[in-house]
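Before any comments, here is the structure.
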Amino acid sequence: MRTFIPLLSILLLSFFSAQAYSSVRDELLTELQIREAPKTLEHSLSKTLPTLPNFTSAAEFSRFADDHRLSKAELKRDIQLFTRLKMELYNKDKDRYGIAKRLTEQLELLSSSTFDNSYVLMLKGRYAGRSQQDYTTAISLYQQAVAIMEHSTDETSLVLRYTLQEHLGVMHMILREESTALLHLKELSRLSKQLENDYLIAHAESVLGKYFYKQNQLGKSLAHYTEATKYSQDGNNSSQNAHIELQLARIYRDLESWDEALSAANNAAEAFSQLGNENYVSSSMTVIAMIYANQGQWYKAIDYHLNAQHIESKLGNYIGLGLNLHNLGEAYYKIGDTRTSLENLKRANEIFTSKKSNHYLVYNDLLISEVAANDANWEMSLDYASKAVAIAESKQLNTELKEALSRQTDALEALGLYEEAFNSVRKLNNLNELTQPQPSGFDEQKSIIAAQKLELSLSQAQNQLQTKTKQLNNTRLITILCVFVLCLSLLILLKLWRLKNKLSLETKTLQQTQLLEPFTRLHGYLAFKRDYLNSNSAPMKTMALISLSDQLDADLSQGYECNAKMNKQQVLAIKNSLNCHTYVIRPGVFLLCFNESMEPNHLLSLLRDIISNHNGQTSLHMGVLQLPLLADPAIKLSAAQHFGSLQMMLHAARTLGSDKDYFATMKMLNFASAGIFNDPLYINIEKSIVRGIIKVDTNGNKEDIIWPRWKNHQNIDINEDKLAI
């Protein structure tokens with residue numbers, strides 16, 4: 001069977017959040033984000049570059065940077081990254097290549113360092129390879145970029161060199177220049193170890209695994225993918241793990257391990273679908289189709305090839321579309337539908353010819369020649385076989401050249417062109433003599449496949465042995481620890497049993513006691529903190545801190561015992577009347593928590609009625625908060641932060657006087673941050689009021705509020721600052 005999956009020039013690979021500049025961008029994290037979460041990075045850059053720059057000189061660039069309040073180095077790096085992202089596989093904007101070309105030309109005006117010059121050359125090569133499939137020009141530009149970066153060893157330069165070597169290796173693989181590709185991939189592996197980054201090491205091993213897979217060296221390929229998994233065991237890199245899964249599916253397919261191949265391919269398809277990476281969803285579908293095709297289940301293969309074709313058409317990936325058309329052509333040929341087969345193969349030929357993809361075109365020509373010969377259309381068979389001969393000779397593809405010469409000979413003979421057929425046969429014989437290996441007692445190809453299967457089995461057995469050994473060692477260690485713990489437990493069990501009841505009782509007593517206010521023996525501040533932490537199922541909506549201001553010194557004037565009884569009656573009356581949680585903070589100061597929103601004026605009126613009936617010869621002051629304080633529900637403030645805010649509002653209310661009952665409350669603007677409630681709390685709240693981030697409301701005159709003063713404060717007069725604003 002001759003089926004081909006698109007060989008893409010870059011393997012897309014997060015998990016990482018968008019990285020902003022502090023002083024210098026973290027190049028390692030940025031590179032990893034390009035591979036794992038390019039859309040997130042592009043979104044971050046679009047905030048820095050809401051409009052694309054369009055300058056023709058360094059002076060215009062400087063003005064653009066000043067207008068956007070960015071440093072020139074920061075802006076230039078953002079443009080470099082944005083240009084590269086425009087040419088990544090995930091990006092399907094119609095004008096992406098035009099934008100990338102324009103930005104590259106602008107960057108060329110600003111290139112003032114080795115890094116800048118190398119990056120521009122890479123972008124130019126990227127453009128040639130991506131938009132025009134001109135890999136020869138792309139490789140030349142990349143080689144220039146590598147040459148000028150050869151002696152740069154800082155981390156930023158090493159990351160760029162890593163990318164250059166990867167792209168060069170992949171492009172040489174596409175052009176089937178295996179030895180050159182391997183040199184670049186070995187340098188890629190060396191640079192990954194120099195960077196000491198697990199993600200990049202795993203990626204380098206994956207690309208090497210792909211290289212050896214293309215060389216049909218499945219054992220070596222599997223070894224590199226096994227090594228890659230060692231550096232990606234944390235499972236956080238979804239894209240990288242999906243790529244490894246997809247390649248393992250191809251290896252299992254070639255080893256005819258159908259169940260394992262289908263499982264891995266479906267896992268890859270699901271992972272790429274969740275990532276929104278439709279390019280590789282298509283690749284996964286193609287692998288599944290090939291698995292069925294290799295088992296002769298051609299109708300299932302056609303279904304999956306059609307799914308892949310639909311995705312490639314939607315994405316505008318012409319090379320991928322051409323390869324799927326080629327695969328469909330073969331599948332239809334195998335079920336006897338030669339007309340549909342030729343339609344698909346000729347469409348594939350048009351794409352490969354227009355994109356100058358001779359490395360794919362040669363296989364398509366051979367298959368057309370075969371299908372045409374099956375229909376006895378010898379003129380067509382001869383035409384395409386001759387085209388395949390020319391391409392195979394130019395690219396020195398001996399295996400393909402043999403097949404092309406064989407089909408050319410059959411067509412010439414069928415057409416009665418015996419002399420030309422004889423010349424073709426002679427050419428084929430000469431080629432066989434040059435390439436034919438010495439005869440041996442067994443088929444060499446079967447021996448290679450058998451050795452690869454044995455290597456795979458050995459690798460799997462070794463992995464299983466290592467796993468079992470680790471499990472056995474862990475079991476032994478756990479057993480020893482268990483015996484030790486058991487012996488120790490037996491020695492102290494009797495003592496623990498004797499102490500158990502006593503400690504349990506004391507603990508319960510202490511836990512209950514610490515939640516109580518010492519004189520009233522009612523729930524106090526610590527009980528409030530506990531209840532706040534446990535209020536997720538029924539969150540608090542209103543919190544009020546009230547002061548019986550004229551009775552704050554009653555514990556001195558009438559004694560603790562008498563005052564405690566009075567406070568207890570007042571708290572219980574409030575609790576029973578308002579159906580709320582009540583806490584005694586100190587004599588004359590109570591905290592109320594409601595599971596519903598309470599309007600401050602109404603609440604103050606209710607409290608006045610209740611207190612008036614229970615030793616209410618006092619003015620009331622109240623600090624009130626409506627929860628949540630912040631607009632973002634994901635931000636959680638602590639009980640202490642809420643209580644401190646209430647204290648400040650109560651203080652504000654008390655400064656309004658005692659001629660009537662007063663309350664004070666505050667409300668945050670939607671963009672207010674949680675930093676307002678950090679220590680020192682009073683100062684931060686006061687400054688936020690000055691800036692207008694916090695709005696204060698009261699039933700008194702806000703101008704009469706006297707805010708706290710601090711020794712380390714600048715004695716800001718909040719009312720004067722408001723007038724200034």
Atom [atom1] of [X] and atom [atom2] of [Y]: how far apart are they, to the nearest 0.5 Å?
X      : Y      : atom1 : atom2 : result
Met598 : Leu607 : CE    : CG    : 8.0 Å
Asp198 : Gln240 : CG    : CD    : 9.5 Å
Asp697 : Met666 : CG    : CE    : 12.5 Å
Asp93  : Glu42  : CG    : CD    : 6.5 Å
Met87  : Leu103 : CE    : CG    : 9.0 Å
Ile610 : Ser577 : CD1   : OG    : 4.0 Å

[X] (side chain) donor-acceptor with [Y] (main chain) under 3.5 angstrom:
X      : Y      : result
Ser273 : Glu270 : no
Gln106 : Pro53  : yes
Asn567 : Gly588 : yes
Ser605 : Asn601 : no
Tyr162 : Leu200 : yes
Gln551 : Met566 : no
Thr698 : Phe663 : yes
Asn699 : Asp661 : yes
Ser62  : Ala58  : yes
Arg530 : Leu515 : no

Where do [X] and [Y] come nearest, in terms of heavy atoms and distance?
X      : Y      : value
His614 : Gln570 : O-NE2, 3.2 Å
Gly675 : Asn684 : O-ND2, 3.9 Å
Tyr682 : Pro708 : CD2-CG, 3.6 Å
Met649 : Ala664 : O-CB, 3.4 Å
Thr618 : Asp550 : OG1-N, 2.9 Å
Tyr532 : His642 : OH-CE1, 2.9 Å

Query - Short N-O contact, Lys568 and Glu517, less than 4.0 angstrom - result: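 Salt bridge flag = no for Glu517 with Lys568.
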Query raised in the report: Is any side-chain N of the basic residue among Arg84 and Glu88 closer than 4.0 Å to the acidic one's carboxylate O?
Result: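 Yes, charged N to carboxylate O under 4.0 Å.
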Query raised in the report: Is the His243 ring parallel, tilted or perpendicular to the Tyr280 ring (thresholds 30°, 60°)?
Result: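 Taking Tyr280 first and then His243, their aromatic rings stand perpendicular (interplane angle over 60°).
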Query raised in the report: Do the ring planes of Tyr583 and His581 sit parallel (below 30°), tilted (30 to 60°) or perpendicular (above 60°)?
Result: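 Parallel, since the angle between the ring planes stays under 30°.
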Query - Derivation of the side-chain hydrogen bond (donor to acceptor under 3.5 Å, both in side chains) call for Asn474 and Gln471 - result: CA-CA 5 Å; Asn474 290 337; Gln471 291 175 349; over 6 Å; no
**Report entry** side-chain hydrogen bond (donor to acceptor under 3.5 Å, both in side chains) evaluation trace for Glu60 with Asn54
**Finding:** CA-CA 8 Å; Glu60 289 183 18; Asn54 188 15; over 6 Å; no
Requested in this report: Would you kindly say whether Glu31 and Thr163 are connected by a side-chain donor-acceptor distance under 3.5 Å?
Outcome: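 Short answer, yes.
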Query raised in the report: Are Lys76 and Tyr119 close enough, and set up right, to give a side-chain contact (heavy atoms from CB on, under 4.5 Å), and what steps lead you there?
Result: CA-CA 11 Å; Lys76 179 165 60 175; Tyr119 211 96; over 6 Å; no
Query raised in the report: Within a strict 4.5 Å, meaning less than it, do heavy atoms of the Ile546 and Leu604 side chains meet?
Result: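 Counting from C-beta outward, Ile546 and Leu604 never come under 4.5 Å.
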